[in-house]
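Beneath this line is the structure, given in structure tokens, with notes to follow.
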Amino acid sequence: MQERFFNRELSWLEFNARVLFQGLNKDLPLLERLQFLSIVTSNFDEFFQVRVAAIKRLLAENPGFVDVSGLTPQMVYTSVAARAHQIIRSQQECLMSDILPALANEGLVYITPMQYTQQQSEYLSGVFNSDIFPLLTPLRTDTEAFPHIKNLTTYAAFRLAPIAGIKMASGSEEFRGDGDAPRIALVEIPDGIPNIYWLAGNGNAGAGGSGSGRQFALLQDVVAAFGTKLFPGFEVEETLLFKVTRDADFAVDEDAGKNFIHAMEDVLIQRKSSFPVQMTCNASSTKIQKFLMEKLELKEEDVYRVDQIINPGDLMELREADEDGSMSFESWEHFYPADLPEEEPYWDTLKLHDKILHVPYESYDPVVKFISDAADDDDVLAIKMTLYRTGRNSPIIDALERAAQRGKQVVVLVELKARFDEERNIAWANELEQAGVTVIYGLVNLKVHAKILMVIRRESDTIRRYVHLATGNYNTKTAKLYSDISLFTANPQIANDATLFFNLVTGYSTLQNMNCLSMAPVTIKSRLIAMINREIERSTSENPGLIIAKMNSLTHEEVISALYKASQAGVRVLLNIRGICMLVPGVEGLSENIRVVSIVDRYLEHSRIFYFQNGGTPELYCSSADWMNRNLDRRIELMFPILDKAAFEDVKSILDTYFADNTRAMELQQNGSWTPVERGKKEEPLRAQEVLYKKYKELEEKKPVSGETKFEVRRK
């Protein structure tokens, strides 16, 4: 019998397999393939910290639980481990047997310790002594308390044996050991120094190296090779490179009665010392592996063995050696929007029409300019916004502080519970408060994930409000890598709703009826299901209904059930889902009218766009929320309509482009596998992200040149 829902964790694993698929794609530039392999690792790091840790906890606390896909925790854990091992094996095979040889063919040669020449060994020994040795702290493991192994930190482990005839210093005799207990020391590989060291060798002018055929060593290998210098009087019998992933699935106790920031800091401390979930290691020493597994209480399926390189991302420093860019994607610009003034503020433009911004094809500069102009405008009275994640050295933070220092009312809701950005957000909150900004620390038991900014300005004896709403974070760095949609508007109805929203999240206001915006956890889910049901009601055999939706993940059972109902009523449902999809498509009598595709490409697809045909009066929405339980039931989210006609056509065109992709798109099958979308014999290759880039490039080329004089020819 076909299950109605795929398992959430197994679906996520298939997403990471699609990331790996790009790494395996030999049509892509070499360093971009390597980048996808490194993303596989970083994705797994978070997955094991959060999702696998949660599975292990559920396995201990409620082993009889059965999820909507019909699986118990043990079944999920076993299946996850098996599939994760498959993916990592494929990743490693690609890295060692394909990527590294291809890099060597391009003149970038990875040299392992066994391959060091005498000259290279002497050079690296000197580097070790001067730059690395002072940073290392060897930790013995035969003490009463086993040393703490930091989360996601690479270590070198050394199994030692005393050198015969060497007299030990006072106090060191006990470490020589008398029984069968292994003498194993752990050394943390330091952060903050290069991972790659260029070597003298073929085609090199010297240790720094230049020219074709450059050889390099990795920091992890240098520590492993020369770490014996840390243990005078002992010889190193075996070494092991490893990394431990710990449970990070902690929630702050919001009812603890203590200062919320202190409670959040407690969570960060717990995360550093939580229980081990997974170990990644090379295969150089089974004895050390066994020792660590015993000490960390890890089972065989928790250990993921790699050939040599613990973190493929360490190799991304090779980008600096790609001087002509031949091993990387062609450079794509981030174009300033053609219909926004570059010098003047946007106030007059937005009074005339809404503006859609599509990053990273378009530059994120307009968002920064919008806030910066508001900070410096004497007629701006107040700025209100939410901050979920923002980057280091953020110009947005600078503008908010400047606005507060100029005496404007600045209110910022900083979500401290943004996972893995908690520490940074605490720092931002403190810095903003010191500058005079009113900071709100989210809501009790609800993450504020909405992306909204409102500027209140005095104009001609009235007050006008300008609003920015987005599918992505106020982060200038990720705006160059993530595909997101945002809306600038002066629409009074949206502005009224924005005011109600801020009153709700900063004060004691109860939710009032909004005309345009929908807010989770109160109205987005019910609104979505109502629109799906409306599509069913207005669908006919002659003119079937149509729902088109793009999002990151789809897991909400009520929404999925509503989509099944729509399919059974003849409504066509087209879904573009980057990550998790628990909906099962193409099942006769259930979901035969539902098609699910996914695109993984150079930019991370992050926008959420929802289209409903509505019997010929179509509606289009963007949102900060995926159709997931956490977004629709446990977070503060916003869904906003695209009302301006030109903006509507622009966003609908973007949405259609994603479903025309026949180059990077993959399609979900009934059995949970994903297969590349087949291209028709007469179809030209179409890559959605490339089409979108060319669209904005053409708009840029059509811009009038600044100061250009135009001559109009008079005709009869």
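Just so you know, these numbers come straight off a predicted model, no measurement behind them. Nothing fancy with the numbering, it's 1 onward along the sequence. Note: hydrogens, waters and symmetry copies are ignored here, and every other heavy atom, side chains too, is used.
In this structure, the side chain to side chain donor-acceptor pair (under 3.5 Å) partners of T471, at least two apart in sequence or on a different chain, are D484. Judged as a side-chain contact (heavy atoms from CB on, under 4.5 Å), and not counting sequence neighbours, the contacts of S97 are E93. Partners of W332 under the ring pair (Phe, Tyr, Trp, His ring centres under 6.0 Å) rule, at least two apart in sequence or in another chain, are Y603, Y693. Y482 pairs by the ring pair (Phe, Tyr, Trp, His ring centres under 6.0 Å) definition with H606, not counting sequence neighbours. A search for ring pair (Phe, Tyr, Trp, His ring centres under 6.0 Å) contacts involving H449 returns Y388, not counting sequence neighbours. A search for ring pair (Phe, Tyr, Trp, His ring centres under 6.0 Å) contacts involving Y110 returns F216, not counting sequence neighbours.
Counting only residues at least two apart or on different chains, the salt bridge (charged side-chain N to carboxylate O under 4.0 Å, His left out) pairs with a member in residues 78-88 are E14-R83. Within the structure, salt bridge (charged side-chain N to carboxylate O under 4.0 Å, His left out) pairs that include any residue of residues 286-301 comprise E300-R305 (at least two apart or interchain). Among pairs with a residue in residues 551-560, those fulfilling salt bridge (charged side-chain N to carboxylate O under 4.0 Å, His left out) read K525-E558, at least two apart in sequence or across chains. Listed by first and then second residue, the salt bridge (charged side-chain N to carboxylate O under 4.0 Å, His left out) pairs that reach into residues 598-607 are K550-E605, D601-R664, D601-R687, sequence neighbours excluded. Residue pairs meeting the ring pair (Phe, Tyr, Trp, His ring centres under 6.0 Å) criterion with at least one partner in residues 53-79, sequence neighbours excluded, are absent.
Judged by distance alone, with hydrogens and angles left aside, the side-chain atoms of D247 form no donor-acceptor pair with the main-chain N or O of S274 at under 3.5 Å. Of the possible polar contacts, one joining the E317 side chain to the N195 backbone as a donor-acceptor pair under 3.5 Å is found. Within the 3.5 Å criterion, the main-chain N or O of V109 finds no donor-acceptor partner in the side chain of Q215. One N or O on the side chain of S11 and one on the backbone of C581 form a donor-acceptor pair closer than 3.5 Å. The backbone N or O of V40 lies less than 3.5 Å from a partner atom in the side chain of N16, making a donor-acceptor pair. Using a distance-only test at 3.5 Å, with no hydrogens or angles considered, no donor-acceptor pair links the side chain of R8 to the main chain of S69. Of the possible polar contacts, one joining the S553 side chain to the I580 backbone as a donor-acceptor pair under 3.5 Å is found. Side-chain N or O atoms of Q669 include one that pairs as donor or acceptor with a backbone N or O of E667 at under 3.5 Å. Side-chain N or O atoms of S591 include one that pairs as donor or acceptor with a backbone N or O of V587 at under 3.5 Å.
Pairing each heavy atom of N552 with each of I577, the nearest pair is O-CG2, 3.5 Å. Of all non-hydrogen atoms in I149 and R246, the two that sit nearest each other are O-NE, 2.8 Å. When all heavy atoms of I594 and P585 are compared, the pair lying nearest together is O-CB, 3.6 Å. For A688 against D661, the heavy-atom pair with the smallest separation is N-OD2, 2.7 Å. In this structure, N475 and Y364 approach most closely via the heavy-atom pair N-OH, 3.9 Å. For the residue pair A224 and T239, the shortest heavy atom distance occurs at O-CG2, 3.9 Å.
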What verdict does the side-chain contact (heavy atoms from CB on, under 4.5 Å) test give for I184 and I288, after you've listed the backbone C-alpha separation in whole Å, the side-chain angles of each residue and the deciding distance to 0.1 Å? CA-CA 8 Å; I184 293 175; I288 300 178; 4.2 Å; yes

Could you check C622 against R608 for side-chain contact (heavy atoms from CB on, under 4.5 Å), going step by step and ending with a plain yes or no? CA-CA 6 Å; C622 292; R608 293 92 166 184; over 6 Å; no

Go through W674 and F21 one step at a time and tell me if the ring-ring contact (aromatic ring centres under 6.0 Å, His included) criterion holds. CA-CA 10 Å; W674 293 79; F21 185 80; over 10 Å; no

Stepwise side-chain contact (heavy atoms from CB on, under 4.5 Å) check, W198 with L108: CA-CA 10 Å; W198 297 103; L108 301 175; 3.7 Å; yes

Run the side-chain contact (heavy atoms from CB on, under 4.5 Å) check on L103 and L318 step by step: do they pass? CA-CA 10 Å; L103 284 170; L318 292 173; 3.8 Å; yes

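Side chains of Q220 and N311: a donor-acceptor N/O pair is absent below 3.5 angstrom, by distance only. Neither side chain, H556 nor N631, offers a donor N or O lying under 3.5 Å from an acceptor on the other. For S623 and E637, the side-chain atoms include no donor-acceptor pair closer than 3.5 Å. Side-chain atoms of S483 and Y658 form a donor-acceptor pair, as typed in the model, at a separation below 3.5 Å. Checked by atom type, the side-chain pair Q86/S90 shows no donor-acceptor distance below 3.5 Å. Between the side chains of R18 and S598, at least one donor N or O sits under 3.5 Å from an acceptor N or O.
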Identify all side-chain donor-acceptor contacts of residues 276-283 below 3.5 Å with residues at least two apart in sequence or on another chain.
| from | atom 1 | to | atom 2 | distance (Å) |
| --- | --- | --- | --- | --- |
| Q278 | OE1 | T245 | OG1 | 2.7 |
| N282 | OD1 | L241 | N | 3.2 |
| N282 | OD1 | S284 | OG | 3.1 |

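At a threshold of 4.5 Å between non-hydrogen side-chain atoms, the residues L30 and I99 count as touching. Annotation: side chain of F36 is in contact with side chain of V600 (closest heavy-atom distance under 4.5 Å). Looking only at side-chain heavy atoms (C-beta outward), V223 and T154 stay at 4.5 Å or farther from each other. The shortest distance between side-chain heavy atoms of N629 and R634 falls below 4.5 Å. Between L34 and M316 there is a side-chain heavy-atom pair separated by less than 4.5 Å. Looking at heavy atoms from C-beta onward, L240 lies out of side-chain contact with F291 at the 4.5 angstrom threshold.
Note on ring orientation: taking the six-membered ring where Trp is involved, the planes of F44 and F48 are tilted (angle from 30° to 60°).
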